Structures are given as structure tokens and as C-alpha cells.
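Report on the following structure.
Computed from a predicted model, the values in this text were never measured in an experiment. Values below: all heavy atoms of this structure, side chains included; hydrogens, waters and symmetry mates excluded. Throughout, a chain's letter reflects where its sequence line sits, starting with A, and its residues are numbered from 1.
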Number of protein chains: 2
Amino acid sequence: MRKRDRDSGQGADAGARSAFNYGPLQNQLGYLLRRAQIAVFRDFFAVFDEFDIRPAQYSVLTLIECNPGLSQTEICKALGIQKPNFVPVLDALEARGFVRRASTPSDRRSYALFLTAAGQNFVRKLHRAAAKHERRIIERVGVHAHDCIFEVLRNLASSSDEER
Amino acid sequence: MRKRDRDSGQGADAGARSAFNYGPLQNQLGYLLRRAQIAVFRDFFAVFDEFDIRPAQYSVLTLIECNPGLSQTEICKALGIQKPNFVPVLDALEARGFVRRASTPSDRRSYALFLTAAGQNFVRKLHRAAAKHERRIIERVGVHAHDCIFEVLRNLASSSDEER
DNA sequence: TATTGTTATACTCTATAACTATA
DNA sequence: TATAGTTATAGAGTATAACAATA
């Protein structure tokens, strides 16, 4: 069965655009941001399915790759994760042999985090998948729009950093 | 390999801008979209705190307001919510006297949803708060960027509608 | 047989308090 | 005393199977 074009048969609305009136929601950034993020993550999951990796795990691996030796607290701060919630995430990545908790001589409370050789190899594959995913998005919205939106999103995202 | 030269003695990084290297994440829409959405929702919560209303509840009230008489299934379709998850959401709004489940004569399985008078009054207050929230965002990113980003976000969001 | 609203359930994500071992 | 990592726990959000009433 098709969509159930509730507003009778006008061919004008040919694209079978959603028949609902979203009112003020249509002009509210928060709502659109959430819907867009869900849609983009859906594509992310499709591309990363074969690797059994979630967005948060990918960002953790990338951050450790680009900043070897960071502590757990620092990674948490960088990604906006709570320390207690980060423990099982890291445990899983360590159990799969991608990350190493190295004890630090200077402060025996904390660990310095590193990718293993397997982890480095793995994250390179992930980056290739991520690039493919990103190309699909650019193809959809256009290069110019893609560039333009980044500036705005970085601006918005940084507003939450400020209050810390 | 370099060993944590990050926190040598830098006064150079005066702005205390984040000292982390985000690598490829900086150029990935999914990551930025998530961070931006979290930041925007944080402001939403601040503005809506006094009303004890969450984003999903606000969107439900708005959709019923703009489309009186819709069934639960239709609301779910419009907002991308699973039917079982929608039941407690609606229960709460009904318990607070904002929404009415009206039995429909034509199909006795389904309810037609309407706002009560109190609900209509309440949602108007919410819209005013939402407008205030939106003005804060526009003030931050600029009118032009705000307009530009909407087009792209709607495009992205609609990509998930298509596959249903 | 199919659909509407519902219950039950499970899994993820997120948030907070409190513990331990170090500092 | 303060901090790093950890444990336990509780609350949202999300997903699926299955049921009763109705179509």
C-alpha cells in the first residue's frame, strides 16, 4: 500500500511530500537538527554495519589515534562523555584489541590511551568507510551547502563548550 | 612517536580553545550534527524548564494543534516515533489535561487526538518560549546562516522519509 | 487476514552518588 | 583535600514481539 495521500488526489503534490502540517516546528532549528541527525546516523549505521562500530566508538578511536597518550578524563572532556559512561565503551574497545590502557609512571591513578597496531589498522578502514559515507551526503546536498553548513554547525556546537 | 607535548607550558593557546586534535571528525557531518544538536537542545531545556516539557512532548502538542483529529499511528508516522513508545508520552499529556483521546465512530479501534482548551492555551505559551529560544540561536549564528542551514537540514531530514 | 492501541521487555544512552587508590 | 578511574544505579530513548478489540 502506498502512503495514503490523505488530502485527496492532487497531482500537484506529486512528490508524495508528507501530508502533515508541522506548523512552527518547520522553522525551529532544534527539531530539524534532530531529524537531520537521525537521518545521517541512519546512513552511518548502514556503512559501518560490517565493522560493528557505533558513532561514539568511532569518535573515541579517532581521538585516541590523533592524540595518543590522552587520559580517560581528557577523552571524556573532548567528546562530552561522562566518565562513568566511558568505562564500558573503553572496555569493549580494549577487549577487541584496538586500544591499550598504558599505566603512566608520573601519575599512577591515570592511564595513557593508545591504539594497538590492530587498532591503527582498523581505524584506517573506518576512515575509508566514513569518507564513503561523507561522499554520499555531499552528493545529496551539494558541495557548497556542505561547506556552508559546517561553519554554522561548528559555531553552534562550540556554544556548549563555552559554559564549562 | 611524540609523548604528550600538548601540555608543556603553553600561554600561546591563550583563548583556551580546545587543545584536542579532532582529525577527520572535524570534517564529518554526523559528528558535528550531533554536537550541534546537543548544544541547541541544551538551550531548549533551559528555556522550557519552567514548563516541564521535553522536545518530543512539544512536537507532539504542536502536531496535534496543527492537525486536530489525527490518530496515534499518524502522529507516530509524522514524528518518527514507534507506536508502543508513544503511548506513555500521550498518557502523560492526557494526565496533565492537555490532550484528549476522542473515540471515533467510524473506526472504533482508533482515537482522534485533540488539544483541550488548557492544552491550546499551554501550547501557545510554549510557542512563545520556542520563539525566544530561536531568536537566541539566530542572534548567535546570524540570520543568513540560519536561513541557509534550514534548506540543507530539511534536505537531509527528508532522506529518511523516502525509505518508508 | 490486517490494523489500532496496548503491554511487556530489552537494550542503549545518559546522569549522579559514592567508592578506591592515588596525589 | 582533591583527582582518576571505577561501580552501582536510575532515568530517558528506542526497538521488537505479541495480545485484545476491531476492521
Distance, rounded to the nearest Å, where [X] contributes [atom1] and [N] contributes [atom2]:
X	N	atom1	atom2	answer
Ile81(A)	dC13(C)	CD1	P	10 Å
Lys77(B)	dG5(C)	NZ	C1'	14 Å
Phe41(B)	dC13(C)	CZ	P	17 Å
Ile75(B)	dT3(C)	CD1	P	20 Å
Asp91(A)	dG5(D)	CG	P	12 Å
Leu90(B)	dG13(D)	CG	P	15 Å
Ile38(A)	dT12(C)	CD1	P	18 Å
Asp107(A)	dA4(D)	CG	P	8 Å

Reckon [X] has a side-chain N or O less than 4.0 Å from the OP1 or OP2 of [N]?
X	N	answer
Thr73(B)	dT3(C)	no
Ser110(A)	dT22(C)	no
Arg109(B)	dA20(D)	no
Arg42(B)	dT14(C)	no

Ignoring hydrogens and angles, tell me if any N or O in the side chain of Arg154(A) forms a donor-acceptor pair with the backbone of Gln26(B) under 3.5 Å. yes

What nucleotide among dA8(C), dG5(D), dT12(C) has an atom nearest to a side-chain atom of Pro84(B)? dA8(C)

Side chain of Gln82(B) (C-beta onward), nearest among dT3(D), dT16(D), dT6(C): dT16(D)

Need one value for Phe86(A): base, sugar-phosphate or nothing, where a base atom within 4.0 Å counts as base even if backbone is also close, heavy atoms only. nothing

Using a cut-off of 4.0 Å on non-hydrogen atoms, how would the nucleic acid contact of Asn85(A) be classed: base, sugar-phosphate, or nothing? base

Value for OH (Tyr111(B)) from CG (Leu90(B)), rounded to nearest 0.5 Å, stands at 10.0 Å

At less than 3.5 Å, do the side-chain atoms of Arg108(A) and the base atoms of dT22(C) form a donor-acceptor pair? no

Which is more 5' along DNA chain D, the nucleotide nearest Tyr111(A) or the one nearest Arg34(A)? Just name the residue. Tyr111(A)

Basic-acidic side-chain contact under 4.0 Å: Asp91(B), Arg101(B): yes

Centroid separation Phe41(A) to His133(A) less than 6.0 Å: no

Give a yes-or-no answer on whether the side chains of His146(B) and Glu134(B) include a donor-acceptor pair shorter than 3.5 Å. yes

Using the closest heavy atom to pick a nucleotide of DNA chain C for each, name whichever of Lys83(A) or Pro55(A) lands nearer the 5' end. Pro55(A)

